[in-house]
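Positions are given from 1, in the same order as the sequence printed here. What's counted below: heavy atoms across the whole structure, side chains too, no hydrogens, waters or symmetry copies. Every number for a ligand or one of its atoms is a count from 1 in the order of the listing.
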Amino acid sequence: MESWVGWLLLLCCHMFFFHFSFSHSLCHPHDKIALLQFKTSHTFSFGSDDATYAVATYVECSDMDPKTTTWKNETDCCSWVGVTCHPISGRVIGLDVSCSDLFGEILPNSTFFYLSHLQSLNLAFNKFYFQLSYLFGGFVSLTHLNLSSCIFEGEIPSQISQLSKLESLDLSHNFWLRWKERSWKKFLQNTTFLKELNLDDIDMTQSSMRPLNQSTTLVSLSLSRTGVWGNLKSDILCLPKLEQLHLSDNSYSPNGQHLPSLSCSAASLTVLDLSYNYFEGSIPVSFSNFTHLTVLDLSHNIYLNGSIPSSLFTFPSLTLLDLQFNQFSGQIPNVFPQANNFEKLDLSHNNIEEELPSTLSNLQWLVFLDLSMNKLSGQIPLSIINLQYLVFLDLSHNRLEGPLPNKIRSLSNLTDLYFNDNLLNKTIPVWCLSLPSLLKLDLSYNQFTGHISVMVSQSFEFLYLCNNKLQGNIPQSIFTLVNLRQLCLSSNNFSGFHNINYNFPRLERLYLSSLGLTEFPKLAGKVPMLTDLDLSNNKLNGTVPKWLHEMDSLYFLNLSQNLLTTPIKQFSRNYNLQFLDLSFNLLTGHISSSICNVSSLNVLLLSHNKLIGVIPPCLANLSSLSILDLQRNKLNGTLPSYFSMNGPLRVINLNDNQLEGILPKSLSNCTKLEILNLANNQIEDKFPKWLQTLPRLTVLVLRANKLYGPIPSLKMKHGFSSLLIFDISSNYFNGSIPKTYIQNFQAMKNVIRYKVGELYIQPSSNASVYEFATVIEFANVTTKAINMVFKKIPKSFIIIDLSINKFEGEIPYVIGELHALKALNFSHNRLSGPIPQSIGNLTNLESLDLSLNMFIDKIPIELTNLNFLEVLNLSYNHLIGEIPEGKQFNTFENNSYIGNSGLCGFPLSKNCNKIEQQSPSSPSLWREERFEFGWEAVVIGYGCGIIFGIGLGIFVLFSGKPEWLVKMVGGGIGNYVK
Ligand SMILES: *[C@@H]1O[C@H](CO)[C@@H](O)[C@H](O)[C@H]1NC(C)=O
Ligand SMILES: *[C@@H]1O[C@H](CO)[C@@H](O)[C@H](O)[C@H]1NC(C)=O
Ligand SMILES: *[C@@H]1O[C@H](CO)[C@@H](O)[C@H](O)[C@H]1NC(C)=O
């Protein structure tokens, strides 16, 4: 018995040895030939250039050495790297040539397809281009196929469904590969052993998810960015073996799709990624059945709302929970258990309120915590700052208040700390500036006070302390941080900026606005990488220093609100400037035409200076210039005569200069023009009806020039259809009110409820840093000049102003179609006839001025429908009869009606019972009257977003924080680093 067992053992060992040695000696010659031919026909012979390209593209390939370099005719193919042979037959059963820099189409006659015994094939990260051959369907023994990132293209052949033994298939990141419904369905039906399927980034817009619920063997399914369609159903989430499901970025539910309620009592999923899909509504209660989850990503759905179910915070294995960019509200439930595995928690960009829950301190393994962009309040508890493994902590853009904890235990791994834009106060604690690993610190936009006296950590790359109430001298050590790339100290009460040597070899952005600087910072030598420099709102005087002239890396330069007298004299061709703001200085002299050497210039703001001379004609043809603001200078001469075809200009603001001559017709070449403000000049011409060809023109202000003549009717169907502001007041126009224009003002007809972010008229895309400071100013009809200065023009501010002209005839009845109008001013004209009843349809109207005309008849009772009307001026007309009563009409006073001797009733003292006939007031009288009405009341109605002032109140504009800075600095680095 014993010997029998021994003999068997011996035999086994012998066979094992036999097989082992055999597998090293036997390589099937057919397979060897096939492999050698495959190698030769797909090895790129052009050498190393392309290899570096391959390395750069395929960062996933850690193994840079092509496996095929070991393939030599002289050696046994079973010993080649990437080749596995069957131990007995010697047939090649496994081939892994991933990351081997193979190139070119695999042709149908390729010997590669003779490798019919393959069970495992990996061609990932090569460049085959061309179609995926139907002959892949011949590898019927395959259990594992990986063709990821091979740049295959075209349709996936239906023969792929013959691979019925497949257990895993990876076709991901072949962006031009398409799978159609029919063959996709057949494939799923035939592959009954399939466990892993990864189709990320292939085109499945012609396939649905529907047949997936038959795939009961699936363990891992990834369909991110495929465009696969069909509703997400619970049965997929409940597939019995499914552990990983990635369905990110398929943009489901343009019409709104809710997350499904689970039909299973406990789903097996451990990883669920449904991010970027526009799901809406709340998270179903049944999601608490996902008790095995380690990763849950519902981020960037934008419309998910309601409170976050507390069960999500108590899954025992959860390591990552990402809910950022949704609309979740309510509190963070105070349920974090003692035993947990959280490493990353991201609830940023939601509407979460109230205090941070105390059990957050149980997350002792947490590495990443982002709760920014919410409405969290209360103090920052010490317990959170003591989470010892934290690397990233972002609590910015909330309503957190009070002082920071004074002492902490350890945050020795923390590299990123963002507390900006909160209500934090008292002094900045020492630990904050001296954490050993900290690279990025943002404490801007808080209410920190006191001095900074500590030695700051030398590792800083980003240091933002701007917009606080810090005072005293800044420690010299800040100015010598060798790794510093961005520094913001703006808007504090710091002192002692004299004789500081700034020594930052790597500086990219420097913000020193509103610090009372009287001299330019002395940057040591030329800082080669400085791109952004903000020295606005200081007391810099005289000339721009020479080093600034040489700073050719700059693309953002803001020197506005200083006392500079001489502009940059010569702009060299090396400049890369995109944004130049020299507004609100004391610049004199001419604008040098060398400015046009800066071909990258996108935004040029020279407004509110004392510049003279002509506008350099080349500015009208600069290849990137989209915003040109030269308002409030003393520029004279004519407008540039030639604006190039399809030029990039979106905003032209030349308000309040001394420009004369005619309007160049080539302005109509600026097809991107959105805002044109030429008010307060001496331009003498007829109405520029040719501007009607500009499809995006939104704001047209020609007020206070010498324009004349009738307004010719429009022939173009869509002419001026985007206009929201039409102001041609204080000119010499005559004839009738242009009815065809009112008919065409399509944008004024639609009342739109704007979402946040769409609220303002913004020049699109690349000009985002410029938020329309003082783009437009309106004056009241009176000489008392009540100005409105917009920081941003709200889109809902829709007005027509034809006042102070010589228009005559009746108001066209169609005026009643402009439902979105907020203000209508026809005053100081020679209009006659009755006030049209249709004005009563303008239910958004807040200001109506028809004064100083010759309107007759009664005030239409329909005007009482104007529920938002705050300013009404009907004075000095020939109106008669009883003033309507009720609603807003009870709030208007005498001076809304004076100069109409035929009117009676409240608020006039004249009682309507006495029927008297009175002659209208004489025209000579009304021309001399002045009013106190203005836009002021209208403005108040808008609250934030508009800044207004009386007379020279333009400086009111800058009492708040400049919004572009908030955008760049506040939101800036947080977004930059993630
Ligand atoms: C490989 O070697 C064999 C014999 O050793 C020879 O017949 C054959 O031509 C060689 N093949 C190539 C591609 O060099
Ligand atoms: C395969 O076919 C192509 C033409 O389609 C031909 O150029 C090539 O020589 C053929 N290769 C072999 C190995 O027969
Ligand atoms: C399913 O797989 C079997 C076995 O490989 C094959 O014979 C059959 O053609 C396949 N069916 C389809 C629809 O491709």
_I'd like to check atom 2 (O) of ligand 3 in this structure: does the protein have a heavy atom lying under 4.0 Å from it?_
yes

_Of all pairs that satisfy side-chain hydrogen bond (donor to acceptor under 3.5 Å, both in side chains), the ones with a partner from residues 290-301, not counting sequence neighbours_ = Y276-H300, D297-S299

*Can you pull out the closest protein heavy atom to atom 13 (C) of ligand 3? Residue, atom name and distance to 0.1 Å, please.*
K186 CE, 3.8 Å

*Closest heavy-atom contact between H349 and N374?*
N-ND2, 4.1 Å

*asked:* For atom 8 (C) of ligand 3, what's the nearest protein heavy-atom neighbour? Residue, atom name and distance, please.
replied: N190 ND2, 3.7 Å

*Would you mind checking which non-hydrogen protein atom is closest to atom 14 (O) of ligand 3, with the distance to 0.1 Å?*
S161 OG, 2.8 Å

*What is the nearest protein non-hydrogen atom to atom 5 (O) of ligand 3, stated with its residue, atom name and distance?*
Q162 O, 3.0 Å

*Give a yes or no on whether a salt bridge exists between D249 and R225, defined as a side-chain N under 4.0 angstrom from a carboxylate O.*
no

*asked:* Ring centroids only, cut at 6.0 angstrom: are F112 and F139 within range, meaning strictly under it?
replied: yes

*For residues K185 and S208, is any side-chain donor paired with an opposing acceptor at under 3.5 Å?*
no

_Protein residue, atom and distance nearest to atom 4 (C) of ligand 3, heavy-atom basis_ = S164 OG, 3.4 Å

